[in-house]
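In what follows, a single structure is set out as structure tokens and then discussed.
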Amino acid sequence: VCASTSLPCTYSSVKLLGFVEELVINDDPEYQWIDNIRSKRKSNEERQSLLQKLSCELQRRVGVKVLDAGANAVLGYRQCLDLEGESGIVLRCIGTMAQIDVTA
């Protein structure tokens, strides 16, 4: 994480291109029928694996949107996770698309 009031000397300009958001929803493995016969450890491993996959999918989707908009960075990226019980798992992210020029 980097925070600054001015641009580092290697960057010449930053152009803000707008807001980017994405949402991913999936079933929660903790609420599947097989969870009744599966050990708690195995159930937790399934959930952790799913969360990792969903997080990666969310980042890829945002990356595609950013590149399609002509940007090359996301500033202020924030990812939120909601466990909705029987409704499933919801991952959201927000950020600001930016085009950052690097000086040689």
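One is the number of the first residue; the rest follow in order along the sequence. Bear in mind that the values here come from a model prediction, so they are computed numbers and not experimental data.
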Quiz item: Does Ile89 reach the side chain of Val24, with side-chain heavy atoms less than 4.5 Å apart?
Solution: no

Quiz item: Honestly curious: do Leu67 and Leu75 fall in one hydrophobic cluster under the side-chain, below-4.5 Å linking rule?
Solution: no

Quiz prompt | From CZ (Phe19) to OG1 (Thr96), nearest 0.5 Å | solution = 7.0 Å

Self-check item: Interatomic distance, Ile94 atom CD1 to Leu23 atom CG [nearest 0.5 angstrom]
Solution: 12.5 Å

Exercise. Taking the side chain as every heavy atom from C-beta outward, state whether Asn72 and Val66 have any pair of such atoms under 4.5 Å apart.
Key: no

Quiz item: Is there side-chain contact between Val62 and Val74, with heavy atoms separated by less than 4.5 Å?
Solution: yes

Quiz item: Going through the checks in order, is the salt bridge (charged side-chain N to carboxylate O under 4.0 Å, His left out) test met by Lys53 and Glu57?
Solution: CA-CA 6 Å; Lys53 289 177 186 174; Glu57 179 182 343; over 6 Å; no

Quiz prompt | Non-hydrogen side-chain atoms of Val14 and Gln99 separated by less than 4.5 Å | solution = no

Quiz item: Do Gln79 and Gln59 have side-chain heavy atoms sitting under 4.5 Å apart?
Solution: yes

Quiz item: For the hydrophobic clusters of this structure (ILVMFWY residues joined by side-chain heavy atoms under 4.5 Å, transitively), does one cluster hold both Val20 and Leu17?
Solution: yes

Quiz item: Under 4.5 Å between side-chain heavy atoms, hopping through other hydrophobics if needed: is there a path connecting Tyr77 to Leu51?
Solution: yes

Quiz item: Does the side chain of Cys93 come within less than 4.5 Å of Arg78's, by heavy atoms?
Solution: no

Quiz item: Closest approach of Ala71 and Ala98, non-hydrogen atoms and distance?
Solution: CB-O, 3.2 Å

Exercise. Test salt bridge (charged side-chain N to carboxylate O under 4.0 Å, His left out) on Glu21 and Arg92 and set out the steps.
Key: CA-CA 7 Å; Glu21 63 182 340; Arg92 299 175 176 86; over 6 Å; no

Self-check item: Interatomic distance, Ser55 atom OG to Leu50 atom CG [nearest 0.5 angstrom]
Solution: 11.0 Å

